[in-house]
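Read through the structure below, which is laid out as structure tokens, and then see the notes.
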Amino acid sequence: MYRLIYKSRSILVEVDMQTINDIVERSKDLNIKNQISGALIATRTHFLQVIEGEFAPVNQTFFRIASDSRHENLELVSFNQMEKRLFEGWVMKGFGIFDLNSDLEAALKKKFGVEEGGVRLPTQEWAALSLMHDIKLIHQ
Ligand SMILES: Cc1cc2nc3c(=O)[nH]c(=O)nc-3n(C[C@H](O)[C@H](O)[C@H](O)COP(=O)(O)O)c2cc1C
């Protein structure tokens, strides 16, 4: 099993829930077919995505995503072998971290910093996984 994490910048002026739902909806069948699980976190300006699965499908899915013109400035955060999926059962779950309550948003900004008015999506693996964990807890 492998886990890949990347960050990118949206080409849209403002990402909204519709954008996230469109991407997740379009990816569903492909991710099921490729046995990919993961999560997609978006701020108004950036994406942070975790893709988990076997080596070849993760690799191929990442390159397909990377050539998508809806985002740019892709930064690979990590691509590691792992024992167990973190997002077992999630074909791909999308989260927008812009309509959170203000206390929560303030807490995330304090922990991860601010970027273009939103929570700064981290480019270090430990911080990215920590953010994913926080988001997972909030939505359980
Ligand atoms: C931020 C973002 C995340 C995406 N996540 C996935 C994904 O998890 N799985 C996937 O198959 N496609 C994902 N896509 C969509 C792919 O880029 C691509 O549109 C889709 O796989 C269909 O491929 P095609 O357009 O070549 O038919 C994502 C796109 C963006 C912009």
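One-based numbering, in listed order, for ligands and for the atoms of each.
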Item checked: Nearest-contact summary for atom 11 (O) of ligand 1 - protein heavy atom, Å -> R64 NH2, 2.6 Å
Check: What residue and atom, counting heavy atoms only, is the protein's closest point to atom 5 (N) of ligand 1, and at what distance?
Finding: Q49 NE2, 3.0 Å
Item checked: Residue of the set Y6, F55, F62 for which ring pair (Phe, Tyr, Trp, His ring centres under 6.0 Å) holds with F79 -> F55
Margin query: For atom 24 (P) of ligand 1, what's the nearest protein heavy-atom neighbour? Residue, atom name and distance, please.
Written below: R26 NH2, 4.1 Å
Note to self: Checking T19 against D22: is there a side-chain donor and acceptor pair closer than 3.5 Å?
What the structure shows: no
Notebook entry, point to check: Counting heavy atoms not belonging to Q35, are there more than 12 under 6.0 Å from its CD?
Noted result: no
Check: Can you check whether Y6 has an N/O within less than 3.5 Å of an N/O in ligand 1?
Finding: no
Item checked: D68: numbered ligand 1 atoms lying under 4.0 Å from its heavy atoms -> 15 (C), 16 (C), 17 (O), 18 (C), 19 (O), 29 (C), 31 (C)
Item checked: Axial cation check for F95 ring with K136, 6.0 Å and 45° limits -> no
Next item on the list: For atom 28 (C) of ligand 1, grab the closest protein heavy atom and report residue, atom and distance to one decimal in Å.
Entry: I23 CG2, 3.6 Å
Check: What is the nearest protein non-hydrogen atom to atom 22 (C) of ligand 1, stated with its residue, atom name and distance?
Finding: L30 CD1, 3.7 Å
Note to self: So, regarding H71 and ligand 1 (criterion: nitrogen or oxygen to nitrogen or oxygen, under 3.5 Å), is there a contact or not?
What the structure shows: no
Margin query: Between D134 and K111, does any side-chain N to carboxylate O distance fall below 4.0 Å?
Written below: yes
Checklist line | atom 9 (N) of ligand 1 [closest protein heavy-atom partner, distance rounded to 0.1 Å] | finding: N31 OD1, 2.8 Å
Note to self: Please classify the I65 to ligand 1 contact at 4.0 Å (heavy-atom distances, strictly less than): side chain, backbone, both or neither.
What the structure shows: both
Check: Does the side chain of E105 pick up a donor-acceptor pair with the side chain of N101 at under 3.5 Å?
Finding: no
Item checked: Geometric cation-pi criterion, R120 with F112: 6.0 Å, 45° -> no
Next item on the list: Flag T61 as yes when one of its N or O atoms lies below 3.5 Å from any N or O atom of ligand 1, and as no otherwise.
Entry: no
Item checked: Pairwise salt bridge (Lys or Arg N to Asp or Glu O under 4.0 Å) hits with a residue in residues 52-61, at least two apart -> R3-E52
